[in-house]
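Since the structure comes first, as structure tokens, the remarks are kept for the end.
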Amino acid sequence: MQDPNEDTEWNEILRDFGILPPKEEPKDEIEEMVLRLQKEAMVKPYEKMTLAELKEAEDEFDDEDMKAIEIYREKRLQEWKALKKKQKFGELREISGNQYVNEVTNAEKDVWVIIHLYRSSIPLCLLVNQHLSLLARKFPETKFVKAIANSCIEHYHDNCLPTIFVYKNGQIEGKFIGIIECGGINLKLEELEWKLAEVGAIQTDLEENPKKAIVDVMVSSIRNTSIYGDSDSSNSDSEDTK
């Protein structure tokens with residue numbers, strides 16, 4: 001097959017009629033390198049510095065640079081503050097019942113709060129606390145707290161534990177009450193992460209429900225059992241008629 005980029009009279013005719021695309025011009029590597037170096041030269045040295053490095057190098061810049069540096073320093077400072085604000089949690093904290101209102105209901109505006117009501121004598125509660133502790137580190141912009149159930153709700157029944165409430169701006173946006181709703185006694189970390197992501201409390205990088213594969217296998221198993229069961233029943237009926 002003829003190369004469409006080949007310099008032939010026939011190819012030129014085909015290009016004139018629009019049958020072939022215009023010939024690709026070879027890239028000039030030297031020109032590209034020059035352009036890249038020019039672009040790099042336009043970047044002021046202070047734009048690559050940390051705030052500490054800027055402080056040390058102040059004497060090396062003129063008045064015009066110093067004005068630009070002040071603007072740049074303020075920008076970097078605001079970015080740093082925004083990052084610190086976003087990542088101000090990062091751990092599962094224990095609170096008492098009398099802290100519930102301040103820490104959960106009246107938490108900062110637009111901050112997601114996940115609270116786990118638990119009892120240490122219930123194994124699944126301990127597992128949920130382990131998972132939430134890991135998720136708190138993974139999603140530091142979300143507030144994770146735990147509290148002994150009876151310190152928050154007097155005479156709270158063990159059948160309702162573990163209980164996970166998800167709050168935002170003083171409103172309950174999600175709740176998981178009891179073993180089944182929380183995911184069962186074999187709850188996996190990814191399954192809990194998915195549950196919390198579904199109500200919007202965290203931004204997960206999981207692409208699908210981790211429990212979906214288990215459900216699919218169970219459905220397939222039930223379907224196969226049903227098929228083979230019907231087949232056996234059919235065979236049995238056939239033999240009976242003989």
Side-chain angles (χ1 to χ4, degrees), residues 83-222:
L83 182 62
K84 293 295 288 183
K85 183 178 180 180
K86 185 178 179 181
Q87 298 184 343
K88 62 182 177 180
F89 302 114
E91 64 176 346
L92 175 63
R93 292 195 302 108
E94 180 90 30
I95 66 170
S96 60
N98 58 15
Q99 294 176 296
Y100 196 107
V101 173
N102 287 334
E103 294 286 347
V104 180
T105 311
N106 293 341
E108 298 91 327
K109 184 180 178 182
D110 294 331
V111 169
W112 287 92
V113 183
I114 296 169
I115 180 166
H116 174 214
L117 302 183
Y118 75 100
R119 188 188 298 278
S120 57
S121 59
I122 299 176
L124 184 56
C125 287
L126 299 180
L127 180 62
V128 168
N129 277 338
Q130 290 178 14
H131 290 342
L132 290 178
S133 182
L134 294 173
L135 292 175
R137 290 200 288 270
K138 183 176 181 180
F139 302 100
E141 67 278 8
T142 298
K143 188 175 184 177
F144 288 79
V145 294
K146 61 180 179 177
I148 296 174
N150 285 346
S151 74
C152 300
I153 306 174
E154 192 174 356
H155 306 307
Y156 197 63
H157 204 285
D158 285 1
N159 289 343
C160 297
L161 298 177
T163 290
I164 299 173
F165 291 133
V166 180
Y167 280 79
K168 185 178 183 183
N169 295 328
Q171 302 296 319
I172 294 180
E173 300 294 338
K175 55 185 177 181
F176 307 97
I177 300 175
I179 292 175
I180 301 301
E181 288 191 14
C182 285
I185 59 175
N186 295 316
L187 177 67
K188 301 291 189 298
L189 175 64
E190 293 78 10
E191 294 168 5
L192 182 55
E193 179 176 335
W194 184 266
K195 283 178 175 292
L196 297 176
E198 281 191 312
V199 296
I202 56 178
Q203 298 295 318
T204 182
D205 53 4
L206 297 174
E207 296 182 354
E208 65 175 14
N209 187 348
K211 204 146 189 170
K212 181 178 181 297
I214 299 174
V215 173
D216 289 345
V217 169
M218 292 175 62
V219 170
S220 177
S221 177
I222 294 171

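- Going from atom NZ of Lys195 over to atom CG of Asn209 covers 8.0 Å, rounded to the nearest 0.5 Å.
- Using a distance-only test at 3.5 Å, with no hydrogens or angles considered, a donor-acceptor pair links the side chain of Asn169 to the main chain of Asp110.
- Closest of all the heavy-atom pairs between Cys152 and Leu117 is SG-CD2, 3.8 Å.
- Applying the side chain to side chain donor-acceptor pair (under 3.5 Å) test to Asp158 and every residue at least two apart in sequence or in another chain returns Arg119.
- For the pair Cys182 and Ile164, the minimum side-chain heavy-atom distance is below 4.5 Å.
- Interatomic distance, CG of Leu187 versus CD1 of Ile179, reported as 11.0 Å (0.5 Å rounding).
- For Glu193, the salt bridge (charged side-chain N to carboxylate O under 4.0 Å, His left out) criterion is met by Lys138, not counting sequence neighbours.
- Residue Glu108 qualifies as enclosed at atom CD: its count of foreign heavy atoms under 6.0 Å is above 12.
- Put simply, the side chain of Leu196 reaches to within 4.5 Å of the side chain of Phe176, judged on heavy atoms.
- Atom CD1 of residue Ile172 and atom OG1 of residue Thr105 lie 8.0 Å apart, to the nearest 0.5 angstrom.
- Asn150 contributes a side-chain N or O that, together with a main-chain N or O of Tyr156, makes up a donor-acceptor pair within less than 3.5 Å.
- Side-chain contact between Trp112 and Val166 is present, with heavy atoms from C-beta onward closer than 4.5 Å.
- Heavy-atom minimum distance, Val199 versus Gly174: CG1-CA, 4.1 Å.
- Defined by atom type and a distance below 3.5 Å, a donor-acceptor pair is present between the side-chain atoms of Gln99 and Ser96.
- Lys188 places a side-chain N or O within donor-acceptor distance of the main-chain N or O of Asn186, the cut-off being under 3.5 Å.
- Scanning all heavy atoms of the two residues, the minimum distance from Arg137 to Leu134 falls at NH2-CD2, 3.0 Å.
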Begin from the C-alpha positions of Ile95 and Val104 and carry the test side-chain contact (heavy atoms from CB on, under 4.5 Å) through to its verdict.
-> CA-CA 10 Å; Ile95 66 170; Val104 180; 4.1 Å; yes
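- In this structure the side chain of Glu191 never reaches within 4.5 angstrom of the side chain of His131, judged on heavy atoms.
- Judged by distance alone, the side chain of Lys146 and the main-chain N or O of Ser133 form no donor-acceptor pair under 3.5 Å.
- Looking at Lys143 and Glu103, a side-chain N of the basic residue comes within less than 4.0 Å of a carboxylate O on the acidic one, giving a salt bridge.
- Between Glu94 and Ile148 the shortest side-chain heavy-atom distance falls below 4.5 Å.
- The two atoms that bring His116 and Cys125 nearest to each other are CE1-O, 3.3 Å, heavy atoms only.
- Taking each heavy atom of Ile115 and Tyr100 in turn, the nearest pair found is CD1-CE1, 3.4 Å.
- For the 3.5 Å distance criterion, the side chains of Trp194 and Glu190 fail to qualify, holding no donor opposite an acceptor.
- Nearest heavy-atom pair across Val113 and Ala107 is CG2-CB, 3.6 Å.
- The CG atom of Leu192 sits 8.0 Å away from atom CD1 of Ile114, with the distance rounded to the nearest 0.5 Å.
- If you run side-chain contact (heavy atoms from CB on, under 4.5 Å) between Tyr118 and each of Asn129, Val128, Leu161, only Asn129 comes through.
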